Each structure stands twice: as C-alpha cells, then as structure tokens.
Amino acid sequence: MNYDEFILKLIEGTKSKKIHWEILKNSRNSPFEDYQVFHTQNGDNSLVLRKYDTFADIYEEVITIEANITILNENEKILSEIREDDLNKKENLMRLYRIVERSVNKVDDILASFVDGINIR
C-alpha cells in the first residue's frame with residue numbers, strides 16, 4: 001500500500017470512528033512538543049501523529065508547520081516514519097492531524113454548545 005492511500009484510509013477511518021485516537025500521555029509536558037501528539041494502537045503496533053514547526057535559521061523563525069506519523073512496534077521501536085515529503089498530496093497529513101485533533105478534543109461538541117438554540121433563517 002502506498003503512503004497516500006494509507007493516509008486517506010486513516011482519514012476515512014477516523015471520520016467514521018473506526019480508528020480511535022488518543023492524546024499521547026505526557027507529550028505536552030515535553031519541552032520539544034508545542035502541539036498535542038496523538039496515537040492509535042492496532043495489536044502490538046501503534047501510530048504516533050504529531051505536528052511540529054520547521055525553522056528557517058538560527059533565529060528560530062518558523063517557516064512551516066508540518067505533520068508526520070511514526071510507526072512503532074510493541075517495544076516502541078521506530079519501524080518507519082511517514083512525512084509530508086513522502087506523499088503526493090502533502091496536505092493530507094495535516095488534514096489527518098486536524099481531523100484527529102478535532103475528534104479527540106471534541107471540538108464539534110464545544111462549538112455546538114456555543115450556538116445551541118440559535119437558529120439561522
């Protein structure tokens with residue numbers, strides 16, 4: 001299976017709630033993580049999805065925000081990694097991150113609570 005197809009299947013599985021993601025414990029406490037890190041388990045293997053900044057120079061000016069998936073075995077050994085550069089449609093990896101972030105953090109429920117009872121004509 002190519003990476004593009006894999007990412008699209010992860011997106012569909014996440015949207016249909018067939019794939020369950022969780023916040024990786026203690027990931028926000030790491031000085032190296034500015035964004036939430038998510039993971040999902042399938043048997044002994046797991047996927048870790050993270051978003052990170054890339055920097056332009058020594059002045060640490062952020063040039064882009066990217067996402068990647070790390071594939072781990074049962075001993076948490078890194079087996080492989082999927083980066084945006086590995087994809088024909090690079091934006092799908094960030095799209096997956098946003099869908100997972102929205103789902104895990106129950107953003108749709110929060111938004112609905114703000115406008116509950118307001119009707120648009």
Side-chain angles (χ1 to χ4, degrees):
M1 172 180 311
N2 71 44
Y3 287 153
D4 287 286
E5 181 181 353
F6 180 69
I7 298 302
L8 289 174
K9 287 185 178 203
L10 287 177
I11 289 170
E12 186 55 37
T14 301
K15 289 168 105 178
S16 66
K17 300 186 189 303
K18 290 181 181 176
I19 299 175
H20 177 73
W21 294 86
E22 296 177 349
I23 297 172
L24 188 64
K25 291 181 181 13
N26 298 323
S27 64
R28 290 293 286 219
N29 296 334
S30 168
F32 304 107
E33 297 296 344
D34 292 328
Y35 304 101
Q36 288 178 309
V37 178
F38 302 101
H39 76 100
T40 187
Q41 190 88 23
N42 185 4
D44 291 335
N45 301 307
S46 60
L47 301 176
V48 175
L49 176 64
R50 83 184 259 265
K51 180 169 77 169
Y52 58 94
D53 299 330
T54 59
F55 299 97
D57 54 32
I58 60 172
Y59 301 109
E60 296 192 7
E61 292 182 40
V62 174
I63 54 170
T64 60
I65 298 174
E66 297 182 6
N68 72 355
I69 291 180
T70 304
I71 304 158
L72 304 171
N73 69 8
E74 67 275 4
N75 298 321
E76 296 187 359
K77 178 183 176 198
I78 297 174
L79 301 177
S80 189
E81 192 171 72
I82 302 171
R83 296 181 171 269
E84 290 180 354
D85 288 342
D86 296 325
L87 304 171
N88 291 323
K89 289 199 160 200
K90 297 176 184 200
E91 65 273 7
N92 279 340
L93 200 47
M94 188 59 76
R95 181 174 164 222
L96 172 63
Y97 184 91
R98 287 192 311 267
I99 290 167
V100 170
E101 180 181 51
R102 192 171 176 150
S103 172
V104 170
N105 292 319
K106 300 182 183 344
V107 170
D108 290 337
D109 295 341
I110 293 168
L111 295 177
S113 72
F114 274 97
V115 294
D116 188 36
I118 299 172
N119 295 319
I120 299 175
R121 296 174 202 196

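Everything numeric in this text was worked out from a predicted model, so none of it was measured.
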Could you pull out the closest heavy-atom pair between [X] and [Y], with the gap in Å?
{"X": "R95", "Y": "L8", "result": "NH1-CD2, 4.4 Å"}
{"X": "E66", "Y": "T64", "result": "OE2-OG1, 3.4 Å"}
{"X": "N45", "Y": "N73", "result": "OD1-CA, 3.4 Å"}
{"X": "S46", "Y": "Q41", "result": "CB-OE1, 3.5 Å"}

*Residues two or more places apart in sequence or in another chain: which of them pass side chain to side chain contact (heavy atoms under 4.5 Å, CB included) with E5?*
M1, N2, K9

*asked:* Going by side chain to side chain contact (heavy atoms under 4.5 Å, CB included), name the residues that satisfy it together with I118, two or more places apart in sequence or in a different chain.
replied: V115

Would you check if [X] and [Y] make a side-chain contact, meaning some heavy-atom pair closer than 4.5 Å?
{"X": "I78", "Y": "L72", "value": "yes"}
{"X": "L49", "Y": "L10", "value": "no"}
{"X": "K90", "Y": "D85", "value": "yes"}
{"X": "K15", "Y": "I11", "value": "yes"}
{"X": "I65", "Y": "K51", "value": "yes"}
{"X": "F38", "Y": "E101", "value": "yes"}
{"X": "N105", "Y": "Q36", "value": "yes"}
{"X": "L47", "Y": "I82", "value": "no"}

Can you measure from [atom1] ([X]) to [atom2] ([Y]) and round to the nearest 0.5 angstrom?
{"X": "Y3", "Y": "I69", "atom1": "OH", "atom2": "CD1", "value": "10.0 Å"}
{"X": "I71", "Y": "L79", "atom1": "CD1", "atom2": "CG", "value": "7.0 Å"}
{"X": "Y97", "Y": "Y52", "atom1": "OH", "atom2": "OH", "value": "12.5 Å"}
{"X": "N68", "Y": "M94", "atom1": "CG", "atom2": "CE", "value": "9.5 Å"}

_Can you list everything that forms a salt bridge (charged side-chain N to carboxylate O under 4.0 Å, His left out) with E81? Sequence neighbours excluded, please._
R83

*D4 side chain vs N88 backbone, donor-acceptor pair below 3.5 Å*: yes

_Determine whether a donor-acceptor pair (N or O, by modelled atom type, separation under 3.5 Å) exists between the side chain of E84 and the backbone of E91._
no

*Take atom CG in N42; do more than 12 heavy atoms of anything else shown fall under 6.0 Å from it?*
no

*Sidechain N-carboxylate O distance under 4.0 Å for R102, D108*: yes

